[in-house]
Amino acid sequence: MKNGFRQSMAWLHTWTGLLVGWLLLLIFMAGTASYYRDEISRWMRPELPRSTVSADDAAARAITFLQHKAPHAESWSVTLPDVRNPAMRMFWRNPESMVKPPAEGEKRRRRGGGRFGDATVDPNTGQEVTARETRGGDFFYRLHFDLHYIPVVWARYLVGFCAMFMLVAIITGVITHKKIFKDFFTFRPQKGLRSWLDFHNVSAVMALPYHAMITYTGIVTLMFMYLPWGVNAAYPKDGDAFFSEAFARMAEVESPAEGRAVAMPIQQLLDSARAQWNGAEISGFTLYRPGAANAVIDIQQRDGKRLTVDTPSLRYDAVSGALLEASPTPGGATSTRGVMYGLHLARFADWGLRGLFFISGLIGCLMVASGVVLWAVKERPKHAKSGRIGFGLRLVDALNIGAVAGLPIAFAAYFWGNRLLPTGLAERSDAEANVFFYAWAAALLAAFIWPKRMMWAWQLYVAAAMFALIPLLNALTTHTHLGVTLLDGDWVLAGFDLFMVAFGIVLAYCGKRMQHWQPPLSAAEKKRRQQASLAAEASA
């Protein structure tokens with residue numbers, strides 16, 4: 001480490017950012033995309049219709065569907081449609097006695113025929129919708145903390161490690177830049193290293209509160225995994241009891257069904273819950289022991305404008321309609337954790353605030369990308385003096401190209417895979433995820449083979465073309481293209497296609513700038529050329 005406090009912080013800032021920068025960029029990009037995971041999921045399942053009915057009508061159709069589809073189930077769970085999710089999702093749990101032993105080599109959990117069943121239903125008609133299998137936007141959500149191929153526990157430890165490094169980099173960055181607010185208003189183009197440093201400073205300061213918030217709250221979301229010893233000490237034999245008490249959950253319904261009775265109409269139960277919550281919207285319900293005389297129903301409140309991720313629930317007697325129980329009021333620590341979690345997920349945000357979160361996430365991606373590129377730009381003159389590029393700089397150059405320019409290719413390839421893979425393909429959602437990583441691996445391989453400036457331009461051009469052509473691909477493969485969605489006023493689907501075009505144009509502009517970019521001459525090179533020019537004039 002260097003002498004002096006600020007010099008030490010600068011050293012720590014550089015290496016904490018560089019060591020995890022490329023993985024951190026993946027985490028940031030996937031997390032930023034997750035702000036619109038519902039919209040992405042809808043675009044990736046074009047077979048789903050728009051909802052035009054009220055929540056009460058949709059709930060009634062859900063009950064009718066489940067009565068025919070799973071009449072003997074132990075429980076029914078229904079997620080009602082909303083503006084961002086037009087279809088109803090429902091799950092049910094069959095009795096163990098109805099589960100058929102799986103054949104050799106067959107998975108035990110089969111849709112509708114195993115212990116659990118699920119369906120996607122059109123709320124307008126109450127009929128099941130056959131839509132293509134896809135993870136949709138949930139792929140990016142899970143990717144940004146599960147990393148897909150890595151075992152979940154190890155992936156989350158690795159993400160937590162990166163988040164801690166990010167937090168250190170933010171703090172040391174603030175300490176290092178003593179003129180941080182002056183630097184925010186300073187950008188000097190065509191100045192080589194100075195320009196990259198200015199761009200890194202601007203992207204860091206522009207959304208600094210967001211960067212600190214999203215990094216810290218990301219660690220908080222998995223705090224019980226990273227620091228389990230307090231729970232283990234207080235609840236050595238039953239860790240689940242801690243979570244039931246701490247998160248104010250209602251007791252599990254475990255008693256068996258008794259007798260038969262007709263349940264109260266679902267609309268009346270939902271109205272009763274709204275009255276208890278002063279008109280708050282309802283996200284869904286779970287009906288235990290459907291058709292039994294002792295059936296109960298848990299009704300969940302929609303996140304809505306609540307900052308916390310912990311939403312209240314009410315439990316009713318499904319036959320008499322009597323209120324049996326309400327979820328307990330959480331304590332101060334639980335409420336604080338719920339707010340931290342809610343800030344990270346931003347479910348409370350309306351379209352304007354969600355857009356601001358998204359833009360801040362994109363700025364975070366630029367901050368990380370400019371940071372790893374800045375290190376390479378700063379190191380290059382040192383290697384130029386020796387006349388050869390060292391292994392370390394070549395490695396960083398390849399990783400920079402493969403991550404900064406290659407990841408957009410992977411994101412676009414994921415959307416292309418959704419439209420081009422056969423809809424009846426087995427394990428189709430896994431195949432879409434594989435397309436993402438195959439495309440990223442190809443970009444990384446090309447970068448390692450030829451880590452030059454033109455590779456930056458080529459990969460940016462490829463990503464630009466792939467994004468800009470997504471609306472055309474959508475028009476050729478589905479009926480939900482811009483010619484239809486714009487006329488119908490379906491701004492979720494139309495907005496997705498338009499954003500793809502806009503993002504492609506931005507990437508094309510970056511590729512053009514990179515293609516024609518010439519690094520400015522260093523002071524030593526300028527001096528050498530001046531001396532050579534003066535010598536030539538003297539000899540003439």
Side-chain angles (χ1 to χ4, degrees), residues 26 29-51 79 81-90 111 118-123 128-144 146 148 345 347 351 354 358 361 407-440 463 465-486 488 490-504:
L26 171 65
M29 290 181 69
T32 301
S34 298
Y35 287 128
Y36 291 98
R37 62 171 173 163
D38 290 332
E39 289 77 6
I40 293 172
S41 296
R42 186 182 170 198
W43 184 88
M44 296 183 72
R45 303 185 79 186
E47 299 84 3
L48 298 181
R50 295 176 66 183
S51 177
T79 301
D82 60 11
V83 176
R84 302 180 65 199
N85 293 293
M88 283 191 297
R89 290 285 295 164
M90 50 191 66
R111 184 179 177 186
D118 64 275
T120 301
V121 174
D122 182 354
E128 186 170 6
V129 179
T130 303
R132 65 190 66 194
E133 181 188 357
T134 179
R135 288 190 177 92
D138 288 337
F139 168 73
F140 297 126
Y141 173 70
R142 303 292 302 187
L143 176 65
H144 100 279
D146 279 353
H148 196 66
L345 297 180
R347 292 176 181 171
W351 67 270
R354 189 178 303 278
F358 181 76
L407 270 173
I409 295 176
F411 275 71
Y414 179 67
F415 299 131
W416 277 69
N418 175 260
R419 289 299 190 256
L420 295 180
L421 290 174
T423 55
L425 181 67
E427 306 294 338
R428 191 177 185 280
S429 58
D430 291 334
E432 287 181 356
N434 291 338
V435 169
F436 176 94
F437 288 102
Y438 289 154
W440 191 23
M466 293 181 69
F467 272 104
L469 291 174
I470 283 176
L472 177 60
L473 175 67
N474 185 36
L476 295 174
T477 55
T478 73
H479 64 281
T480 56
H481 51 81
L482 282 171
V484 174
T485 55
L486 285 175
D488 291 345
D490 193 344
W491 293 109
V492 171
L493 299 183
F496 183 95
D497 282 342
L498 293 174
F499 178 81
M500 294 295 103
V501 175
F503 194 61

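Not measured: the values here are computed from a predicted model.
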Peer 1: By side-chain hydrogen bond (donor to acceptor under 3.5 Å, both in side chains), which residues pair with R428, not counting sequence neighbours?
Peer 2: E432
Peer 1: Output the distance between atom CH2 (W416) and atom CD1 (I409), rounded to the nearest 0.5 Å.
Peer 2: 12.5 Å
Peer 1: I'd like to check the salt bridge (charged side-chain N to carboxylate O under 4.0 Å, His left out) partners of E47; sequence neighbours left out, ordered by chain and number.
Peer 2: R132
Peer 1: How close do A439 and A410 get, counting heavy atoms only, and between which atoms?
Peer 2: CB-CA, 4.0 Å
Peer 1: Under 3.5 Å, sequence neighbours excluded: what are the donor-acceptor pairs made by side chains of residues 493-504?
Peer 2:
unit_1 : atom_1 : unit_2 : atom_2 : d
D497   : OD1    : W43    : NE1    : 3.1
D497   : OD2    : N474   : ND2    : 3.1

Peer 1: How many angstroms lie between CD in E427 and CD in E133, if you round to the nearest 0.5 Å?
Peer 2: 6.0 Å
Peer 1: Who pairs with F411 by ring-ring contact (aromatic ring centres under 6.0 Å, His included), at least two apart in sequence or on another chain?
Peer 2: F140, F436
Peer 1: Which residues pass the side-chain hydrogen bond (donor to acceptor under 3.5 Å, both in side chains) test with R50, sequence neighbours left out?
Peer 2: none
Peer 1: Checking W491 against L486 for the side-chain contact (heavy atoms from CB on, under 4.5 Å) test, could you report, in this order, the C-alpha distance in whole Å, the side-chain angles of both residues, the deciding distance, and whether it holds?
Peer 2: CA-CA 7 Å; W491 293 109; L486 285 175; 3.6 Å; yes
Peer 1: Write down the atom of P86, the atom of P81, and the distance for their closest heavy-atom approach.
Peer 2: O-CB, 3.5 Å
Peer 1: If you look at every heavy atom in P123 and M88, which pair is closest and at what distance?
Peer 2: CA-CE, 3.8 Å
Peer 1: If the condition is side chain to side chain contact (heavy atoms under 4.5 Å, CB included), which residues does H148 pass it with, not counting sequence neighbours?
Peer 2: R135, F139, L143, A433, F437
Peer 1: Could I get the full list of salt bridge (charged side-chain N to carboxylate O under 4.0 Å, His left out) partners for D138, not counting sequence neighbours?
Peer 2: R37
Peer 1: With sequence neighbours left out, what residues match T485 under side-chain hydrogen bond (donor to acceptor under 3.5 Å, both in side chains)?
Peer 2: none
Peer 1: Output all residues satisfying side-chain hydrogen bond (donor to acceptor under 3.5 Å, both in side chains) with T480, sequence neighbours left out; order by chain, then residue number.
Peer 2: T478
Peer 1: Can you tell me how far apart CG (L425) and CG (L420) are? Round to the nearest 0.5 Å.
Peer 2: 12.5 Å
Peer 1: Holding to salt bridge (charged side-chain N to carboxylate O under 4.0 Å, His left out), I want the full list of residues that pass it with D122, two or more places apart in sequence or in another chain.
Peer 2: none
Peer 1: Between D38 and R354, is there a salt bridge with N-O shorter than 4.0 Å?
Peer 2: no
Peer 1: Measuring from T32:OG1 to F358:CZ, what's the distance to the nearest 0.5 Å?
Peer 2: 7.0 Å
Peer 1: List the residues meeting salt bridge (charged side-chain N to carboxylate O under 4.0 Å, His left out) with R45, not counting sequence neighbours, and say none if there are none.
Peer 2: none
Peer 1: Does R89 form a side-chain contact (heavy atoms from CB on, under 4.5 Å) with D118? I'd like the steps, not just the answer.
Peer 2: CA-CA 7 Å; R89 290 285 295 164; D118 64 275; 3.8 Å; yes
Peer 1: Starting at CD of E128, measure out to OG1 of T120 and round the result to the nearest 0.5 Å.
Peer 2: 7.0 Å
Peer 1: If the condition is side chain to side chain contact (heavy atoms under 4.5 Å, CB included), which residues does L472 pass it with, not counting sequence neighbours?
Peer 2: L469, L476
Peer 1: Between A412 and I470, which heavy-atom pair has the shortest distance, and what is it?
Peer 2: O-CD1, 4.4 Å
Peer 1: Looking only at heavy atoms, which two atoms of I40 and G136 are closest? And how far apart?
Peer 2: CG2-C, 4.1 Å
Peer 1: Hey, could you give me the CG/CE distance between N418 and M44, rounded to the nearest 0.5 Å?
Peer 2: 3.5 Å
Peer 1: Write down the atom of H144, the atom of G31, and the distance for their closest heavy-atom approach.
Peer 2: CB-N, 3.5 Å
